Amino acid sequence: METFSQMLQLLFSGLTIGAIYALIAVGFVVIYNVTGILNFAQGEFAMFGALISISLVKANLPLWLAIILSIIIVAAIGGIFERTAIHTARKSSMTTLIIITIGVSIAFRGIAILIWGTQAQTLPPFTDNTPIQFLDAVLLPQNLWAIGLSIVILIVMMYFFNYTFTGKSLTACVVNPFAARLMGINPNKMSLFAVVVSAAVGALAGTVIAPISGASYDMGMMLGIKAFVAAVVGGLTNAPAAIAGAFLIGIIEAFTEGLWSSGLKDVVSFSLLLLILFVKPEGLFAKASGKRV
Amino acid sequence: MTKKNLKLIYNNSLVGPGIFFALLFCIPLVGSTYTLAIFTMIGFYALVCIGLTLLTGYAGQISLGHAAFYGIGAYTSAYMTGTHGLSPWLAIIVGALISALVALLIGIPTFKLKGYYLALATLGFGIIVYTAFKELTPITGGSNGFFGIPSISLFGFDFVTDRSYFYLIWVVVFIALIFARNIIHSRIGRGLRSIEGSEIAADAVGVNLMKYKLQIFVTSAIFTSISGSLLAHYVSFINPDLFTANTSIYLLIMVIIGGLSNIWGAIVGSAMYVLLGELLKHYIPLMLPNVGGEFEIVFFGLLLVLTLIYMPNGLVPQFDKILSKFRKKGNATHMSLTINTQATGGKTND
């Protein structure tokens, strides 16, 4: 069963990259729904997460501590970003906001060059990385970490949004900001909180992918754009839909790359984006709602 | 809004552009080859930015894919003249027509969308076209690039010197500027302004939103394509990396830094971008020897964010403010006007 194992192999790499996209895409959805801003600097949180943990490991910190510290640092960067850029400009037009987040992402990339240079770096795998044989396909433990961690994070976030007070307050801001304010929820605080949470999740995504594909100053842009595509394909207003979209895009990319050509994987996923935008702009998996986009 | 204010928006006098271009056209008489090269580069960007200002500033639509049209123009010129030996002028026209057609095909479904979705759709389109440049190796030369694009000639005169290219590009910019001003002052321009103010209101008073947005998108694509073609003939070598998503973003940065609510912002913005880029290239290595050219990226990112937060209307209104301080009169009306006419970028209130 040569082809079966090949397919399985492609499916595994699709699920791995899909898991990474899912973590970043959830960040988009959270920020978008609370603040109404599509944050083009989301991928840069992943880049910072990866590069900061690499530096901490080089400073002889244990890996787990380095990862936790880097997530905390990136969350703080997210908080500063929200207070300085998003909060200051929140009343600007959407065009301005798009361009501000693009500007921030460019500046983040530049800062990363100043600190880490342009060389790609790697993080050691989380655990012993001996390949595992599974139904004729080879699986690296780091891939399992990526898929497993993202599933855990996504379950935690679902629990958080549906069963905790803060999570429900965030959801309330999404559904009706005005009513939320009347109920004593402070949308300003919620906006800060949303950006910090999605920065932390993005940083985790970066550290998980760093041992697999390396980390460099420009890794964030493509990750961010792909996570966007995933979120829009799935449905931008709904986290589970965005996650489904992320896995779909990851798998489609892996199969395009494996069976066709690596140069064309971007074309396929962006063509899918355009197709979805033109035919079903609310996303493939989103429930129909009264709000037109 | 008084008649005087309207006059300020629709300032139809040709004195300003006349003086500007008269001064500009003296530069080759005194400038060095380096100066000429810089001003020629500004010209290429200015041509693109005039189109983008019409689209973003006047119609309130954002495009993150204009590098695609830039590339379509450049590659059409390269292929038709370099591979098939056809006339560069024919190539420029064909490039512009292809760009217009592509803009139409992309625009019809895209302009049904709003806001972020438009930004995303154009971004996706730009990346698809970039990949096409990279993968269609038989036509584009792939990532190695396309060498040996011939220069332009007119009635037996070859545009080979820097001076002749300087005049060529700035004459085209001048024509584009006059054309853009005429659009702004026409019925279409008023329609566009109303769309930028409020799409719903514009729709309610019978402005055909779709038609106007499409027309302006196609126009800006044509400007961009012509600039790309001229660039290809000027530099004689192109590769896909000239037309990435970053290029689209940098074009947008120029337009924003210059100022969206005024067609002059296009020229000011591209001049700022090119001149600052050159300054940084020269002085950053002296001040921070370990940093290298990458500092440019941080700088433009920060400049963009600061411009948007502290001068949301870009540089041109600031120049206006300084000018009116010198005049010592009409300051108040001027200021209130710049605030009133700022680009709101098709803000939606849903």
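Model, not experiment: these values are computed from the prediction. First the proteins, then the strands, lettered A, B, ... as listed; each starts at 1.
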CZ/A:Arg109 to CG/B:Asn246 distance, rounded to the nearest 0.5 angstrom?
5.5 Å
Chain B heavy atoms under 4.5 Å from A:Ile37: which part of the residue, side chain, backbone, both or neither?
both
Heavy-atom contact with chain A under 4.5 Å, split by part of B:Leu303
neither
Chain A heavy atoms under 4.5 Å from B:Ile253: which part of the residue, side chain, backbone, both or neither?
side chain
Checking side-chain contact (heavy atoms from CB on, under 4.5 Å) for the pair B:Tyr130/A:Asp266: CA distance, chi angles, key distance, verdict?
CA-CA 10 Å; B:Tyr130 163 72; A:Asp266 292 350; over 6 Å; no
At a 4.5 Å cut-off on heavy atoms, which part of A:Phe108 comes close to chain B: side chain, backbone, both, or neither?
neither
Cut-off 4.5 Å, heavy atoms of chain A, and the answer for B:Ile108 is neither
Does some side-chain heavy atom of A:Leu273 sit less than 4.5 Å from a side-chain heavy atom of B:Tyr117?
no
Between A:Leu264, A:Ile100, A:Ile111, which shows the greatest number of heavy-atom pairs under 4.5 Å with chain B?
A:Ile100
Nearest-0.5 Å distance that lies between atom CG in B:Leu64 and atom CD1 in A:Ile99
8.0 Å
If one checks every heavy atom of A:Leu274 against chain B at 4.5 Å, the contacting part turns out to be side chain
Can you measure from CD1 (A:Ile102) to CD1 (B:Ile256) and round to the nearest 0.5 angstrom?
8.5 Å
Rounded at 0.5 Å granularity, tell me how far OG1 in B:Thr110 sits from CG in A:Leu277.
8.0 Å
Cut-off 4.5 Å, heavy atoms of chain B, and the answer for A:Thr84 is backbone
Check the pair A:Leu38 / B:Leu120 against side-chain contact (heavy atoms from CB on, under 4.5 Å), numbers first and verdict last.
CA-CA 10 Å; A:Leu38 207 51; B:Leu120 279 180; 4.1 Å; yes
Quick check for you: to the nearest 0.5 Å, what is the distance between A:Ile225 atom CD1 and B:Ile127 atom CD1?
4.0 Å
Sort A:Val267 into side chain, backbone, both or neither according to what part of it lies under 4.5 angstrom from a heavy atom of chain B.
both
Inter-residue atom distance A:Lys265.NZ - B:Thr131.OG1, 0.5 Å rounding
11.0 Å
